[in-house]
Amino acid sequence: FTHHRKYNLAAIGNTVKAITFGGVDGVGNNVTQMTAYSMVAGNTDAAVDFGDIPELDPNSVTLYYHYNGQPISSPTRGIFVSPSGRDGNSRNVVSDVLTYITFDTASDTTDFGNLTVARTNQGSFASTTRGVVAGGNTGSSSIAYSNVLDYITIASTGNATDFGNLSAGRSSFFCGSNTTRGVTMGGYGGSAVDTMDYYTIASAGNATDFGNLTAAVEKLGVISNGTKSWNGTDIITIATAANATLLTADADYVASYTAF
């Protein structure tokens, strides 16, 4: 087992186990390996090999795959959404592939199905039973921003089904969710946007306006605790549509860390 130093990777997990995957190592090689870490308080076990993602080609000379999307998970299963990246000419490599793992069993990824549209740089959000894949860039030699929303039932396998549409085509945005509602935030559709939209996960439908971020941003991470979502500067209450609140003082940041 080789513990790679890497970048452009992603992570997925439940309350017991966290798994990092994808990425590029320090000398430019694609990393197909998944690495598992314990999330149990007080457990100091070393990281262990979980399996591989066969869709990420470690031997390709012209295709530099990393993970350009947001995965989906339930307490028992993780879904990898369109592993993708850029080729040697910095053109997007889009994918419609869905694969999955079961957190309790170390293994390579298994085929789940396909999205309705191949893409990269998409967002996703989920309840404990349903996952929604949102937007992304569908172009390879040119940029084409998608407004497509797909959904899957996490516990089964099969191709994705149309859910609805974003308020506008965009990619590189971030998402927060609780068990009933997902919120898409920011992103890029020719320029960065401050848009926030929300969706009821159990009911297919188009975007509904949630409010605005305090600034137009893209490519930020976000954490959610079932009540609030936080991107490092702005915070929202998922159940309440409203503009985001900007955290400016140290006390605000301390309070936000405590909330999570």
Using the rule that Ile, Leu, Val, Met, Phe, Trp and Tyr join whenever any side-chain heavy atoms are under 4.5 Å apart, tell me whether [X] and [Y] fall into a single cluster.
X	Y	result
Trp230	Val183	no
Tyr188	Phe173	no
Val217	Val193	no
Val132	Val97	no
Leu166	Phe163	yes

(request) Show your reasoning for whether side chain to side chain contact (heavy atoms under 4.5 Å, CB included) applies to Thr35 and Val48. (result) CA-CA 6 Å; Thr35 305; Val48 296; over 6 Å; no

(request) Show your working on side chain to side chain contact (heavy atoms under 4.5 Å, CB included) between Met185 and Ser229 and close with a plain yes or no. (result) CA-CA 10 Å; Met185 295 175 267; Ser229 287; 4.2 Å; yes

(request) Please list, chain by chain and in numerical order, all residues satisfying salt bridge (charged side-chain N to carboxylate O under 4.0 Å, His left out) with Asp197, sequence neighbours excluded. (result) Arg170

Can any side-chain N or O of [X] pair as donor or acceptor with the backbone N or O of [Y] at less than 3.5 Å?
X	Y	answer
Ser177	Ala126	yes
Ser74	Thr76	yes
Ser124	Pro71	yes
Asn14	Pro75	yes
Arg119	Gly135	yes
Thr153	Ala155	no
Asp96	Asn114	no

(request) Kindly state each residue pair satisfying salt bridge (Lys or Arg N to Asp or Glu O under 4.0 Å) with at least one member in residues 120-131, sequence neighbours excluded. (result) none

Testing the basics here: between [X] and [Y], what is the closest heavy-atom pair and its distance to 0.1 Å?
X	Y	result
Ser167	Ala207	N-CB, 3.6 Å
Phe50	Ala36	CD1-CB, 4.0 Å
Ile19	Met34	CG2-CB, 3.8 Å
Gly13	Ser73	O-OG, 3.5 Å
Ser146	Thr138	CB-CG2, 3.6 Å
Asp108	Ile101	O-CG2, 4.4 Å

(request) Applying side chain to side chain contact (heavy atoms under 4.5 Å, CB included), run through Met39 and Thr15 and close with a yes or a no. (result) CA-CA 6 Å; Met39 294 290 285; Thr15 58; over 6 Å; no

Nearest 0.5 angstrom please: [X] [atom1] to [Y] [atom2], how far?
X	Y	atom1	atom2	answer
Thr20	Ile12	OG1	CD1	11.5 Å
Ile238	Tyr198	CD1	OH	13.5 Å
Ile236	Asn231	CD1	CG	9.0 Å
Ile201	Asn178	CD1	CG	6.5 Å
Phe80	Thr109	CZ	OG1	6.5 Å
Asn137	Tyr145	CG	OH	6.0 Å

Regarding [X] and [Y], do their side chains bring together a donor and an acceptor under 3.5 Å, going by distance alone?
X	Y	value
Asp150	Thr116	yes
Asp104	Thr102	no
Lys228	Thr237	yes

(request) Scan for ring-ring contact (aromatic ring centres under 6.0 Å, His included) pairs involving residues 100-129, sequence neighbours excluded, and state none if there are none. (result) Phe125-Tyr199

(request) Take Val133 and Leu149 through the test side chain to side chain contact (heavy atoms under 4.5 Å, CB included) and record every step on the way to the result. (result) CA-CA 6 Å; Val133 180; Leu149 294 158; over 6 Å; no

(request) Can you sort out the partners of Ser127 under side-chain hydrogen bond (donor to acceptor under 3.5 Å, both in side chains), two or more places apart, ordered by chain and number? (result) Thr129

(message) With side chain to side chain donor-acceptor pair (under 3.5 Å) as the rule and sequence neighbours excluded, what pairs involving residues 203-214 come up?
(response) Asp194-Asn212, Thr214-Asp234

(request) For residues Thr233 and Leu246, determine if any side-chain heavy atom of one lies less than 4.5 Å from a side-chain heavy atom of the other. (result) yes

(request) Using a 4.5 Å cut-off on heavy atoms from C-beta on, say whether the side chain of Val81 contacts that of Leu98. (result) yes

(request) Hydrophobic side-chain clustering at under 4.5 Å (ILVMFWY, transitive links): who's grouped with Val40? Put none if nobody. (result)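 Result for Val40 is Val16.
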
